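Single-structure report; data block below.
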Amino acid sequence: MTGPDSPATDLHSAAVPRTGGFVASDTKVITTLAQRADFLAAARARHRATPGFVVQARQRPAAAPGAAGIRVGFTCSKKVGNAVARNRAKRRLRAIARLVLPVHGRPGWDYVLIGRRDVTASRDFWQLQADLAAALAKLHAAHAP
RNA sequence: GCGGAUGGCCGGAUGACCGCGGGCGGCAACGUUCGAGGAAAGUCCGGACUCCAUGAAGCGACGGUGCCGGGUAACGCCCGGCCGGGGAAACCCGAGGGACAGCGCCACAGAGAACAGACCGCCGCGCUCUGGCGCGGCAAGGGUGAAACGGUGGGGUAAGAGCCCACCGCGGGGCUGGCAACAGCGUCGGCACGGCAAGCCCCACCGGGAGCAAUGCCAAAUAGGGGUCCCGCGCGGCGAUCGCCGCAGGCCGCUUCAGCCCAGGGACCCGGGUUGGCAGCUAGAGCGCGUCGGCAACGGCGGGCCCAGAGGAAUGGUCAUCCAAGGGGGCAACCCCUGGACAGAAUCCGGCUUACAGGCCAUCCGCGCAA
RNA sequence: CGGGGCGUAGCGCAGCCUGGUAGCGCGACGGUUUUGGGUACCGUAGGUCGGAGGUUCGAAUCCUCUCGCCCCGA
C-alpha cells in the first residue's frame with residue numbers, strides 16, 4: 001500500500017506505479033471488514049448515495065481496539081444479479097477503494113461500499129472514482145463540528 | 001450452389017503498466033512461476049473417501065431399474081444390434097418384461113364396453129283396418145365410440161355367418177440362422193385370447209445409513225453440574241462373600257447359526273464454555289501423442305506432460321493494435337460510433353440434464369448446374 | 001452438502017391420492033331495497049391450472065425435465 005512519503009496524486013494519474021512499502025507506524029493501512037457486527041454498525045451510521053454505488057461511513061470510538069487505520073467492506077447482495085455480476089461489481093468497488101481511500105479516506109474510520117445492479121459494473125471507471133471522492137468529502141464535512 | 005441430417009471443435013487474441021491468491025527461493029526488500037468452465041450451473045444418477053451400525057445366510061418391508069449383447073470401478077450412462085413408429089432419403093424418436101397369478105378402471109355417446117349383444121335393419125311364416133303387428137332365424141350392412149369379438153376377395157344361403165376356400169393377420173408346436181433379443185421357412189388350428197401395469201400388482205436384478213459444516217489432531221475455555229424418563233441388577237449346580245458351568249435375559253425388523261455382554265446400559269431437556277489453528281486438499285478410474293486389438297463404446301503397450309487450491313473465499317482497472325458482430329456515411333477503397341453468448345471452482349472423479357452471441361471442420365442425403 | 005413444501009379467477013384457498021363436470025369465500029360489475037350511503041337479497045362476468053415434453057381415447061390430476069418462491073437440518 002501507499003507509504004506516507006508517496007505524495008497523494010490526482011485521480012487521473014492513479015495508474016502510476018506506487019513504490020515503497022509498509023512502515024510500522026503507517027496510519028493509512030487499509031484492512032477489510034469481516035465481522036457482521038461491523039457491517040451492521042456502519043449501516044446505522046451516516047451514508048451517501050452515488051449513481052454507481054452507496055457509501056456508508058462510521059468513525060470508530062477512539063477506545064476501540066486497532067483504532068488506527070482505514071477499514072473498508074463491500075456488499076453486493078443477490079439483488080445485484082447472478083454470481084458473475086456480483087463478483088464483477090465487488091471487484092470494481094475494490095479497485096476504486098484501493099485507489100481513492102489512501103488519498104481521501106481518514107484513519108479510524110470504517111467504510112462500506114454497496115454495489116448496484118448493472119450500474120456498478122458498467123459505469124465509467126473514472127466516474128466511479130470521482131463519485132467516491134465526492135461522497136467521502138460530503139460525509140466527512142457533515143461530520144465536522 | 002441451395003436445402004437438410006449427423007459428429008466434433010473454438011467460444012475473443014497479443015502486449016504494456018498498476019493490483020489480488022497460491023507455490024518455490026530469500027533474514028528481508030524482492031524475484032520467479034502458476035491462477036476458472038464446457039457447462040465450474042441444476043443437484044437428477046453412479047462411485048472414491050471418512051465416520052456410524054456385532055457378523056453371516058434366509059425372509060419381510062421400502063426405494064429403484066426393466067428388449068438383447070457388449071463397455072465400465074460403477075451407473076438410470078455409453079456403444080452395437082433387434083423390434084415398433086416418423087421421414088422421399090441421410091437420419092431421428094421410443095420407461096421397449098408380464099394383461100390365462102389376482103384385484104381394479106374403461107366417463108359421455110351407443111342396442112351392446114368384456115361369460116357379448118340386437119336399436120335401425122335383412123330373411124321366412126302367420127295375421128291385417130295396407131299404416132303395420134306377432135312368432136322365429138341372422139349378425140353381413142347402417143349408426144355410436146378412442147376401442148364393437150379377425151381383414152380382403154370368392155363360394156355358399158331363405159337371409160346370413162370361418163359355414164367352406166385363397167391370401168394376409170393371430171395362436172400352438174417344429175426346423176434353419178444368430179451368443180441372444182429376434183428373423184426366415186414350412187406345418188397344424190378355423191379364430192378362441194380388447195385396452196390401461198408412467199393404477200395396485202407379479203417376475204428378474206440392484207440397494208445398510210450419513211455426508212468434507214464428513215472426519216482426525218492441536219490450542220483455548222467452563223463444568224466435573226442440574227432435571228425428566230426407560231430397561232435391568234434373575235435362577236440352578238459345583239467348590240469357604242469370588243471363580244467356573246448351565247438356563248433365562250440383552251446386543252441386527254423377524255428366524256436360524258456364530259460371536260459378545262452380565263451389573264450397569266440408554267434417551268431427551270436445561271445450564272455453562274468455544275465460534276481459533278492445522279490436516280483432510282488436490283498426481284487423478286488425470287491429460288494429450290503414437291501404436292496394436294475391436295464395427296464401436298473401450299482396452300493393452302510405449303514414451304511425454306503437471307494442469308487453481310481459496311477458506312466472509314483470489315482473476316480487477318486502464319491503454320494500444322487486431323478479430324467477429326450491430327448501426328451510420330460513401331460508387332468504392334475506406335471512415336466514424338457502439339461493443340463481446342451462457343456464465344465464476346469450494347473434497348474429488350464418471351455421466352445425465354439445462355443455458356449459450358457467433359464461428360470453424362469433417363462425413364452423409366436430396367435437388368440444380370457443369371463434366 | 002442434504003431434506004421438505006408451494007405455484008389453480010384480482011386476493012386467499014379446495015379439487016390431485018383413486019385421470020373424464022375446474023368449485024368455495026372475499027372482491028369486481030349490474031339490479032332491488034333506502035331520500036342517499038352502508039347492510040341485506042338477486043343475477044352476471046372472469047381461470048394458458050408456473051412452463052415444455054411424454055403415458056392415455058382423454059391430464060389441473062400420472063411420469064420426466066425445467067422456472068420461480070418459501071422453509072428446515074448439519
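Labels below follow one simple rule: chain letters A, B, ... track the order of the sequence lines, proteins then strands, and each chain is numbered from 1. Everything numeric here is computed off the predicted structure, so don't read it as measured data.
- To the nearest 0.5 Å, atoms CZ (A:Arg46) and NE2 (A:His140) are separated by 10.0 Å.
- Across every strand in view, C:rC6 sits in a pair with C:rG68 that passes the Watson-Crick or G-U test at under 3.5 angstrom.
- In this structure B:rA240 sits in the syn conformation; its chi angle is within 90° of 0.
- Taking atom P on both B:rC182 and B:rC254, the two are 45 Å apart, rounded to the nearest angstrom.
- The glycosidic torsion of C:rU56 lies within 90° of 0, placing the base in the syn range.
- As the counterpart of B:rC360, B:rG8 is assigned, both hydrogen-bonding distances of the Watson-Crick or G-U wobble pattern falling under 3.5 Å.
- Remark: the separation of the P atoms in B:rC205 and B:rG69 is 14 Å, to the nearest Å.
- Contacts between residues 84-94 of chain A and RNA chain B, counted as heavy-atom distances below 4.0 Å, involve A:Val84, A:Asn87, A:Arg88, A:Arg91, A:Arg92, A:Arg94.
- When every heavy atom of A:Gly105 is checked against every heavy atom of A:Ile70, the shortest pair comes out as C-CD1, 3.8 Å.
- If you take atom C1' in B:rG110 and the same atom in B:rG142, they sit 13 Å apart, rounded to whole Å.
- Remark: the separation of the P atoms in B:rC319 and B:rG8 is 42 Å, to the nearest Å.
- Across all strands shown, nothing is found opposite B:rA333 as a Watson-Crick or G-U wobble partner with both distances under 3.5 Å.
- Pair assignment for C:rC24: C:rG12, on the basis of Watson-Crick or G-U wobble contacts that are both within less than 3.5 Å.
- When both distances must be under 3.5 Å, the Watson-Crick or G-U wobble mate of C:rG38 does not exist.
- B:rA13: Watson-Crick or G-U partner is B:rU321, with both key distances under 3.5 Å.
- Minimum heavy-atom separation, A:Ala121 to A:Arg88: O-NE, 4.1 Å.
- A distance of about 12 Å separates the C1' atoms of B:rU157 and B:rC164, rounded to the whole Å.
- For B:rG131, the glycosidic angle deviates from 0 by 90° or less, giving a syn base.
- Straight-line distance between the P atoms of B:rG31 and B:rC18: roughly 10 Å, to the nearest whole Å.
- Across every non-hydrogen atom of A:Ala97 and A:Leu132, the tightest pair is CA-CD2, 4.3 Å.
- An anti orientation is assigned to B:rA159, its glycosidic angle lying beyond 90° of 0.
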Go through the steps for A:Arg123 and A:Asp131 under the test side chain to side chain contact (heavy atoms under 4.5 Å, CB included), then give the verdict. CA-CA 11 Å; A:Arg123 185 168 169 84; A:Asp131 289 346; 2.8 Å; yes
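- Annotated as syn: B:rA36, whose O4'-C1'-N torsion sits within 90° of 0.
- In plain terms, the two heavy atoms of A:Gly52 and A:Val119 that are nearest each other are CA-CG1, 3.8 Å.
- A side-chain contact (heavy atoms from CB on, under 4.5 Å) with A:Leu93 holds for exactly one of A:Val112, A:Thr120, A:Thr75; it is A:Thr120.
- As rounded to whole Å, 19 Å separates atom P of B:rG316 from atom CZ of A:Phe53.
- For B:rC349 and C:rC1, the P atoms lie 13 Å apart once the distance is rounded to whole Å.
- Looking at every heavy atom in both residues, A:Ala135 comes nearest to A:Val55 through CB-CG2, 4.0 Å.
- Rounding to whole angstrom units, CG of residue A:Leu128 and C1' of B:rG316 are separated by 13 Å.
- The CZ-C1' distance, from A:Arg98 to B:rC18, rounds to 6 Å in whole Å.
- As a whole-Å value, the separation of A:Leu99 CG from B:rU318 P is 11 Å.
- B:rC105 and B:rG195 make up a base pair, with Watson-Crick or G-U wobble contacts both under 3.5 Å.
- Between the C1' atoms of B:rA90 and B:rC100, the separation comes to 46 Å (whole Å).
- Of all heavy-atom pairs spanning A:Asp124 and A:Arg92, the tightest one is C-NH2, 4.4 Å.
- As the counterpart of B:rU130, no nucleotide is assigned, since no Watson-Crick or G-U wobble pattern has both distances under 3.5 Å.
- We find that CG of A:Asn82 is positioned 9 Å from P of B:rC342, with the value rounded to whole Å.
- Each of B:rG344, B:rU318, B:rG317 was ranked by its minimum atom distance to the side chain of A:Trp126; first place goes to B:rU318.
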